[in-house]
**Q** 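Right, I'll just put the structure down here and ask away after.
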Amino acid sequence: MTAEADAATADAYTASVVGGTGFTGGELLRLLAGHPNFEVVQATSRSADNMTVGRSHPNLRGLDLRFSDPEDLESVDVLFAATPHGVSMGRIDEFAEAADTVVDLSADFRLPEAAAYDEWYDGHESPEYLERAEYALPELNRENLPGADLIAGGGCNATATILGLKPLVDAGALGPETGEVVVDVKVGSSEGGAGGGAASSHPERSGVVRPYAPTGHRHEAEIEAYLGLSVSFTVHAVDMVRGASATCHVFPDEPISKGDLWGAYRDAYADEPFQRIVSGGGGVYRYPEPKAVAGTNHGEVGFELDPGNRRVVVFSAIDNMMKGSAGQAVHAANVALGLPETAGLEFDGLHPVGAP
């Protein structure tokens, strides 16, 4: 056997997806099926037990895999949990026994302290695991991900906001006592999940720009925990399927120049494989847009200076199903396992496309 074959064998990992019928579960299966280092050996679903994966995800009809009962977990190297909030915290002992590495895409482990769950959610069943969990976003937490055995995926709205504001925090232009921030996020219908609800049905959702969380959105807790910022945060549901677009109005205490902004964003993202700076260039797509990153793990950030109002407007756009969920999870798993960061995530998207 050649050295290259030895390396390939050493870097081969089995994986399972718990909660595989949802939109995020489908994206995980799509990514893992095309990943050079993962073999998907199990996908679970209570509602679709023994049905083919392609029945729930028509784009995966070529995948030779059937859903199995989530109570019968196979032993794998990496378990990805794409379950509703509250499920993973109740089953984390089982998940940890079944896999060396658990990547949870719900909100169950993404906040570092149990007190935050008392404030923002409904408490926590397994607070002893919170210290072990590493926040999945590599652009924020890369140095702590290698070797992590519990990885917590970030919320899509928080991810878009954090990616937009982090360069200003790193540059010292924003901090706990420095500058006011007002954030407005527009999100697509897939954020509501495959189950959806009355507000997610097509007749109700089509054509809307609907404020659904004017204040008090739970993702504020992540922004505060990982950036140290208190933000005024509003989320709108809009007429698109994929995407989260954050517009952040930043009022720094000290004057900042356009050159300072370019320096801050280049310093933060010049070496990041999935971050692109899109700020007022030529062409149609002059600022970040979800349509330009649909189906990809890329994030776009941009900015404009409003000196008359001492305001910086920061734009960021992601695919909520990818950079805001499944893509972020696979990216974090790559880092945790020492694999190439871009493995399985090389797709650059399509143009032109319809509504994302």
Side-chain angles (χ1 to χ4, degrees), residues 17-30 43-49 51 53 55-60 67 70 80-91 104-111 117 119-125 153-161 183-222 233-246 290 294-295 318-329 354-356:
V17 175
V18 178
T21 51
F23 293 147
T24 299
E27 284 293 82
L28 280 171
L29 289 168
R30 176 178 70 87
T44 78
S45 170
R46 296 186 189 279
S47 62
D49 186 16
M51 297 178 184
V53 165
R55 187 176 186 274
S56 295
H57 307 296
N59 57 321
L60 301 179
F67 291 113
F80 293 86
T83 54
H85 170 64
V87 173
S88 289
M89 68 171 71
R91 299 193 65 195
D104 181 59
L105 279 71
S106 77
D108 284 11
F109 300 99
R110 62 175 59 147
L111 299 180
Y117 283 92
E119 179 181 356
W120 292 93
Y121 292 89
D122 300 311
H124 205 287
E125 290 184 41
C156 59
N157 301 321
T159 295
T161 304
V183 180
D184 184 271
V185 180
K186 308 292 195 302
V187 294
S189 57
S190 58
E191 184 182 68
S200 295
S201 69
H202 180 72
E204 299 292 351
R205 182 70 182 236
S206 179
V208 304
V209 181
R210 177 185 299 142
Y212 80 85
T215 63
H217 194 287
R218 289 170 168 177
H219 290 187
E220 288 183 35
E222 290 171 64
F233 196 82
T234 297
V235 184
H236 289 76
V238 299
D239 188 4
M240 63 183 178
V241 174
R242 290 174 177 261
S245 176
I318 60 172
D319 182 330
N320 62 299
M321 301 297 298
M322 284 291 294
K323 189 62 181 173
S325 189
Q328 181 183 145

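All heavy atoms count here, side chains included; hydrogens, waters and symmetry mates do not.
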**Q** Within the structure provided, determine whether S45 and M51 are in side-chain contact (heavy-atom separation under 4.5 Å).
**A**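 SC-SC contact between S45 and M51 ruled out.
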
**Q** Checking V238 now: which residues fulfil side chain to side chain contact (heavy atoms under 4.5 Å, CB included) with it, not counting sequence neighbours?
**A**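 Scan of V238 (side chain to side chain contact (heavy atoms under 4.5 Å, CB included), adjacent residues dropped) gives K186, V209, H236, M240.
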
**Q** Can you tell me if S206 uses its side chain to pair, donor with acceptor, with the backbone of P203 under 3.5 Å?
**A**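 Absent.
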
**Q** To check you understand the geometry: which heavy-atom pair defines the closest contact between V241 and S190, and what is its length?
**A**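 Nearest pair, atom of V241 first, then S190: O-OG, 2.7 Å.
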
**Q** Is a side-chain N or O of T234 found less than 3.5 angstrom from the main chain of D184, in a donor-acceptor match?
**A**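 Not a single qualifying donor-acceptor pair exists.
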
**Q** Got a second to check how far H57's NE2 is from E27's CD, nearest 0.5 Å?
**A**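 Spacing of NE2 (H57) from CD (E27) equals 9.0 Å.
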
**Q** Identify the two heavy atoms, one from L105 and one from S325, that lie closest to each other, and give their separation to 0.1 Å.
**A**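 Answer, listing the atom of L105 first, then S325: CD2-OG, 3.6 Å.
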
**Q** Check the orientation of H85 and Y121. Use parallel for under 30°, tilted for 30 to 60°, and perpendicular for over 60°.
**A**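 Judged by the thresholds at 30° and 60°, the geometry between H85 and Y121 is tilted.
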
**Q** Just wondering, do R55 and F67 contact through their side chains at under 4.5 Å, heavy atoms?
**A**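 Not touching, per the 4.5 Å side-chain cut-off.
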
**Q** Report yes if the side chains of S47 and T21 come closer than 4.5 Å at any heavy-atom pair, otherwise no.
**A**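 S47 vs T21: side chains touch.
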
**Q** Quick one, T161 and H219 - any side-chain contact, counting heavy atoms below 4.5 Å?
**A**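 Heavy-atom side-chain distance check fails, nothing below 4.5 Å.
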
**Q** Which atom pair, heavy atoms only, marks the closest approach of A82 to L28?
**A**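 Scanning both residues, the minimum pair turns out to be CB-CD1, 4.0 Å.
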
**Q** Residues in ring pair (Phe, Tyr, Trp, His ring centres under 6.0 Å) with F23, at least two apart?
**A**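 Expected list: none.
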
**Q** Quick check: do V87 and V18 have side-chain heavy atoms less than 4.5 Å from each other?
**A**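 V87 does not reach V18 side chain to side chain.
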
**Q** Does a side-chain heavy-atom distance below 4.5 Å link R242 with P290?
**A**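 When only atoms from C-beta onward are counted, P290 and R242 do not touch, as no gap falls below 4.5 Å.
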
**Q** With rounding to the nearest 0.5 Å, note down the distance linking NE2 in H217 to CD in E222.
**A**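 One gets 9.5 Å once the value is rounded to the nearest 0.5 Å.
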
**Q** Taking all heavy atoms of G20 and all of V17, pick out the closest pair and write down the distance.
**A**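 Distance-wise, the nearest heavy atoms are CA-CG1, 4.0 Å.
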
**Q** For the SG atom of C156 and the CE atom of M321, what is their distance to the nearest 0.5 Å?
**A**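 It comes to 9.0 Å.
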
**Q** Any side-chain donor-acceptor pair under 3.5 Å between T159 and Q328?
**A**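 There is such a pair (donor and acceptor under 3.5 Å, judged by atom type) between the side chains of T159 and Q328.
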
**Q** Could you walk me through whether R110 and R218 satisfy the side chain to side chain contact (heavy atoms under 4.5 Å, CB included) test, starting with their C-alpha distance in whole Å, then the side-chain angles of each, then the deciding distance to 0.1 Å, before giving a yes or no?
**A** CA-CA 11 Å; R110 62 175 59 147; R218 289 170 168 177; over 6 Å; no

**Q** So which heavy atom on A244 is nearest to which on V187, and how close?
**A**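 Result for this residue pair: CB-CG1, 4.0 Å.
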
**Q** If only atom types and distance count, is the side chain of R205 paired as donor or acceptor with the main-chain N or O of A237 below 3.5 Å?
**A**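 Side chain of R205 to backbone of A237: no pair is present.
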
**Q** If every non-hydrogen atom of E191 is compared with every non-hydrogen atom of N320, which pair is closest and at what distance?
**A**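 Shortest heavy-atom separation between E191 and N320 comes out as N-ND2, 3.5 Å.
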
